[in-house]
*Asks:* 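This is the structure, below, for whatever I ask next.
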Number of protein chains: 2
Amino acid sequence: MRVSENELLFLTDDGIRQHIELLFFAYKSFTSDPDQILEKNGLGRAHHRALHFINCRPGLTVSELLDVLGITKQSLNRVLRRLIELEYVQSEIGSLDRRERHLSLTEKGSRFEQELSTAQRKRIREAFLKAGPEAVGGFRKVLGHIIDPSLDEMVEKFGTGQKDRG
Amino acid sequence: MRVSENELLFLTDDGIRQHIELLFFAYKSFTSDPDQILEKNGLGRAHHRALHFINCRPGLTVSELLDVLGITKQSLNRVLRRLIELEYVQSEIGSLDRRERHLSLTEKGSRFEQELSTAQRKRIREAFLKAGPEAVGGFRKVLGHIIDPSLDEMVEKFGTGQKDRG
DNA sequence: TCACATATGTCAGCATTATTGACTTTAATC
DNA sequence: GATTAAAGTCAATAATGCTGACATATGTGA
């Protein structure tokens, strides 16, 4: 298919619908690998997300974690209590502001997070290899534009400028 | 960044991690538009998914819907009962096999599905417009490779061959 | 026709993850 | 000292998934 035809077709309702389904099934596959590991350990997806963000920004406060996850304090509390009880996460009183709790992974938690993210990265890495760098660039570009501007702060805070707005 | 550098970087653990976060936030944004409409109507994401697949394959049986959604009969039942009770979905006894129930949207259900999908398509369409057709091609290509081969059947059954394996 | 398989529907119970509202404790700030 | 802010907790509710058990209607093949 030539680009000129593509330009006509990729914005039709049906074209968009097909991409929506692809995204649905891809996201389902994307979460399935860590989900299996989590289940073995009696944890859920919520624990994974918390571990992920604590891992990539060690020392973040509970408030910051709430913001990035976009859930309520009460929802996070249950998850966090479990992670601390399992000694995956440690909570330290802030040195500047003693009201704050700074969260980080323990060595045990770090190992578990590695196990989870390795499984997830494997699928993505293999997809990227098959698709090639140019396709990955397009993938990133589209994702960046799908993201709501209200979440930009999170992406920039926790990522490192990969949200290409080309 | 030149492609040669890109090729070195796009497969590193950190590069992959950034893309994983993009996918997380993008999926969150992607579901937020219909979620708001659903909430107003006292329904959830599960109802949306059911409406979506009934809409794009009218007359499908309960079994087929179960397969494509990947949930249990009991989980679907609650959702489907509600949709039928609201007169969004109608269930008709199969003419060839009277055990089967063939599902389709009523006019009311069709209008509601339109409302939901229009909101969702709007975000995707705008992202596609900003990203351009080449990026969309890459997006599709990567998604296709992320999808687990076990789900291919669903994609092919309900899509129309857009899963480009480049 | 009888036995079995299949498609669907339903009941009860449970887990996870989200919500809201109300409240406490501790600490910082004005 | 009063107010604000960060964190933690308790209770109730809801949506969505699960398993197990079972009922009903229908198709199929011995």
Side-chain angles (χ1 to χ4, degrees), chain A residues 24 27-28 31-32 34-54 59-86 89-104, chain B residues 24 27-28 31-32 34-54 59-86 89-104:
Chain A
F24 169 70
Y27 199 81
K28 194 166 183 162
T31 54
S32 67
D35 278 359
Q36 284 193 306
I37 299 170
L38 287 159
E39 202 190 355
K40 274 196 317 191
N41 290 269
L43 299 173
R45 211 173 283 179
H47 302 92
H48 182 194
R49 290 198 292 265
L51 288 171
H52 175 96
F53 287 110
I54 295 171
L60 91 174
T61 65
V62 173
S63 281
E64 287 168 339
L65 185 56
L66 284 173
D67 278 352
V68 73
L69 291 173
I71 58 173
T72 60
K73 184 177 52 167
Q74 296 90 329
S75 296
L76 178 59
N77 190 258
R78 216 173 332 115
V79 169
L80 211 47
R81 210 188 313 180
R82 186 80 202 283
L83 291 175
I84 290 171
E85 168 194 309
L86 287 170
V89 169
Q90 56 196 3
S91 168
E92 285 170 296
I93 293 176
S95 51
L96 291 171
D97 187 333
R98 291 173 52 79
R99 290 172 304 182
E100 292 175 343
R101 294 300 126 94
H102 295 270
L103 306 170
S104 56
Chain B
F24 170 70
Y27 198 80
K28 194 167 185 162
T31 54
S32 67
D35 278 358
Q36 284 193 307
I37 298 170
L38 288 159
E39 202 189 356
K40 273 195 316 190
N41 291 269
L43 299 173
R45 212 172 281 180
H47 301 92
H48 182 191
R49 290 197 292 264
L51 288 172
H52 174 94
F53 288 110
I54 295 170
L60 91 174
T61 65
V62 173
S63 282
E64 287 167 340
L65 185 55
L66 283 174
D67 278 351
V68 73
L69 291 173
I71 59 175
T72 60
K73 184 177 53 164
Q74 296 90 328
S75 296
L76 177 60
N77 190 257
R78 225 174 349 199
V79 169
L80 209 48
R81 210 188 314 180
R82 186 79 201 284
L83 291 175
I84 290 171
E85 165 195 310
L86 286 169
V89 169
Q90 57 196 3
S91 168
E92 286 171 295
I93 294 176
S95 53
L96 291 172
D97 187 334
R98 290 174 53 79
R99 291 171 303 178
E100 293 176 342
R101 294 301 124 93
H102 296 268
L103 305 170
S104 56

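Convention: sequence-line order gives letters A, B, ...; per-chain numbering from 1.
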*Asks:* Looking at D:dC18, I'd like to know if its phosphate oxygens (OP1 or OP2) sit under 4.0 Å from a side-chain N or O belonging to B:Ser75.
*Replies:*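 Checking B:Ser75 against D:dC18: at least one side-chain N or O falls below 4.0 Å of OP1 or OP2.
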
*Asks:* Report which part of the nucleic acid B:Arg49 touches: base, sugar-phosphate, or nothing (heavy-atom distance under 4.0 Å, all strands).
*Replies:* sugar-phosphate

*Asks:* Measure from the side chain of A:Arg81, starting at C-beta and using heavy atoms only, and say which of D:dT9, D:dA7, C:dT10 lies closest.
*Replies:*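 Minimum distance to the A:Arg81 side chain belongs to D:dT9.
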
*Asks:* For A:Lys28 and B:Val68, which heavy atoms make the closest approach, and how far apart are they?
*Replies:* NZ-O, 4.5 Å

*Asks:* Round to a whole Å and report the spacing from CZ of A:Arg101 to P of D:dT9.
*Replies:* 10 Å

*Asks:* Measuring from A:Asp97:CG to A:Thr61:OG1, what's the distance to the nearest 0.5 Å?
*Replies:*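 One gets 9.5 Å once the value is rounded to the nearest 0.5 Å.
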
*Asks:* Does D:dA15 have OP1 or OP2 under 4.0 Å away from a side-chain N or O of B:His47?
*Replies:*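 Answer no for this pair, as no side-chain N or O of B:His47 is under 4.0 Å from OP1 or OP2.
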
*Asks:* Among D:dG27, C:dT8, D:dG8, which is the nearest nucleotide to the side chain of B:Arg98?
*Replies:* D:dG27

*Asks:* Please evaluate the base of C:dT6 for a donor-acceptor partner in the side chain of B:Arg99 within a cut-off of under 3.5 Å?
*Replies:* yes

*Asks:* So what does A:Ser63 hit on the nucleic acid, given a heavy-atom distance under 4.0 Å: a base, only sugar-phosphate, or nothing?
*Replies:* sugar-phosphate

*Asks:* For B:Lys73 and for B:Arg78, find the nucleotide of DNA chain D with the closest heavy atom, then tell me which residue's nucleotide is more 5'.
*Replies:* B:Arg78

*Asks:* Kindly point out which of D:dC18, C:dG9, C:dA7 is positioned nearest to the side chain of B:Glu100?
*Replies:* C:dA7

*Asks:* Does B:Thr72 make a side-chain N or O approach to OP1 or OP2 of D:dC18 shorter than 4.0 Å?
*Replies:* yes

*Asks:* Would you state whether a donor and an acceptor, one from the side chain of B:Gln74 and one from the base of D:dG17, lie under 3.5 Å apart?
*Replies:*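 Check fails, no donor-acceptor contact within cut-off.
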
*Asks:* Return whichever of A:Ile71 or A:Asp97 has its heavy-atom-nearest nucleotide of DNA chain C closer to the 5' end.
*Replies:* A:Ile71

*Asks:* Anything under 30° is parallel, anything over 60° is perpendicular, the rest tilted; go ahead and classify A:Phe24 against B:Phe53.
*Replies:* tilted

*Asks:* Determine the contact category for B:Leu96: base if any of its heavy atoms lies under 4.0 Å from a base atom, sugar-phosphate if only primed atoms, P, OP1 or OP2 are that close, otherwise nothing.
*Replies:*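 Contact class for B:Leu96: sugar-phosphate only.
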
